[in-house]
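The figures here come from the full heavy-atom set of this structure, side chains too, leaving out hydrogens, waters and symmetry mates.
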Amino acid sequence: MNITVLAVGNKMPGWVDEAVKEYAKRFGRDIKYTLKEIKPEKRGAGVNAAQGMAAEEKRILEAMPADAFLVVLDERGVAPTSQELAGYLKKWQQNGQHVCMVIGGADGLTEHIKQQAGLMLRLSSLTLPHGMVRVLLTEQLYRAVSILHNHPYHRE
């Protein structure tokens, strides 16, 4: 199964990259996990939030794998438990779907991208820094895989 995460933002602190790499390498052969950074649009000098999100949308759509099942991270999305996320992962795996998850920029994502999503997912009701979202999402995907494999990483 392929999972691609498109994350608007670059120049993350070293600990973010290290943590994402650590969890990503734990997936093993079953999951091919790829994180692609999308260059954020600079704000100011005549570029407002809507214009910035539109520019980011173009970059996201260009980076999105063809025919992927789109999951958008959004504060209004469903907030699954780790077990429920494992259920989503199992379904996508059984359907042979390439899953693409999108983490928006500072101003979020355009309605156009949200409308294309097969699932809108919320990791937390708290506002989280973008680097933390990358780490948390990668860890939770690894946790979901460990649940599916009855690995002792996840404890109920």
Item to check | N/O donor-acceptor pair under 3.5 Å between Glu57 side chain and Ala54 backbone | outcome: no
Checklist outcome for this item: Rounded to the nearest 0.5 angstrom, the CD-OG distance for Gln140 and Ser146 is 9.0 Å
Item to check | Residue pair Arg143 / Ser82: nearest heavy atoms and the distance that separates them | outcome: CD-OG, 3.4 Å
Checklist entry - Any side-chain heavy atom of Tyr88 within less than 4.5 Å of one from Val71? => result no
Item to check | Check: His149 and Asp30 side chains under 4.5 Å, non-hydrogen atoms | outcome: yes
Item to check | Trp15 CH2 to Met132 CE distance, which is reported to the nearest 0.5 Å | outcome: 4.0 Å
Checklist entry - Is Val145 close to Leu89 at the side-chain level, that is, under 4.5 Å between some pair of heavy atoms? => result yes
Next on the checklist: Using every non-hydrogen atom in the two residues, find where Val47 and Gly52 come nearest and quote the distance to one decimal.
Outcome noted: CG1-N, 3.9 Å
Next on the checklist: Surrounding CG of Asn10 (heavy atoms of other residues, nucleotides or ligands, distance under 6.0 Å), is the total greater than 12?
Outcome noted: yes
Checklist entry - How are the rings of Phe27 and Tyr142 set relative to one another: parallel (under 30°), tilted (30 to 60°) or perpendicular (over 60°)? => result perpendicular
Item to check | Test log, rule side-chain contact (heavy atoms from CB on, under 4.5 Å), inputs Ile147 and Gln83 | outcome: CA-CA 7 Å; Ile147 289 169; Gln83 292 284 352; 3.4 Å; yes
Checklist entry - Please walk me through it: do Tyr33 and Val20 pass side-chain contact (heavy atoms from CB on, under 4.5 Å)? => result CA-CA 10 Å; Tyr33 180 88; Val20 169; 4.2 Å; yes
Checklist entry - Is it true that a side-chain atom of Gln115 and a backbone atom of His112 form a donor plus acceptor pair closer than 3.5 Å? => result no
Checklist entry - Which atoms form the tightest heavy-atom contact between Ala7 and Arg134, and what is the distance? => result CB-NE, 3.5 Å
Checklist outcome for this item: Interatomic distance, CD@Gln97 vs CH2@Trp92, rounded to 0.5 Å, equals 8.5 Å
Checklist entry - Would you say His98 and Met1 make side-chain contact, with heavy atoms under 4.5 Å? => result no
Next on the checklist: Between Ile3 and Leu141, is the side-chain contact (heavy atoms from CB on, under 4.5 Å) condition met? List the steps.
Outcome noted: CA-CA 9 Å; Ile3 299 174; Leu141 290 170; 4.1 Å; yes
Checklist outcome for this item: d(Glu139 CD, Arg26 CZ) to nearest 0.5 Å is 8.5 Å
Item to check | Check: Ala50 main-chain N/O paired with Asn48 side-chain donor or acceptor under 3.5 Å | outcome: yes
Item to check | Within 6.0 Å of NZ in Lys114, more than 12 heavy atoms from elsewhere | outcome: yes
Checklist entry - Does Met53 belong to the same Ile/Leu/Val/Met/Phe/Trp/Tyr cluster as Ile103, with side-chain heavy atoms less than 4.5 Å apart forming each link? => result no
Checklist entry - Is there a donor-acceptor pair closer than 3.5 Å between any side-chain N or O of His130 and the backbone N or O of Gly104? => result yes
Checklist entry - Ion pair present between Glu41 and Arg59, side-chain N to carboxylate O less than 4.0 angstrom? => result yes
Checklist entry - Under the 4.5 Å side-chain heavy-atom rule for ILVMFWY, direct or indirect, which residues accompany Leu61? => result Leu6, Val8, Ile38, Ile60, Met64, Leu70, Val72, Val102, Leu109, Ile113, Met120
Checklist outcome for this item: Taking every heavy atom of Pro65 against every heavy atom of Thr4, the minimum-distance pair comes out as CG-OG1, 3.8 Å
Checklist entry - Do Leu123 and Leu137 touch side chain to side chain, with heavy atoms closer than 4.5 Å? => result yes
Next on the checklist: Distance check, rounded to the nearest 0.5 Å: Glu75 atom CD versus Leu128 atom CG?
Outcome noted: 11.0 Å
Checklist entry - What's the verdict on side-chain contact (heavy atoms from CB on, under 4.5 Å) for Leu121 and Asp74, showing C-alpha distance, side-chain angles and the deciding distance? => result CA-CA 6 Å; Leu121 189 73; Asp74 185 86; over 6 Å; no
Checklist entry - Under the salt bridge (Lys or Arg N to Asp or Glu O under 4.0 Å) criterion, do Lys11 and Glu37 qualify, and how do the steps go? => result CA-CA 9 Å; Lys11 299 177 185 170; Glu37 289 186 335; over 6 Å; no
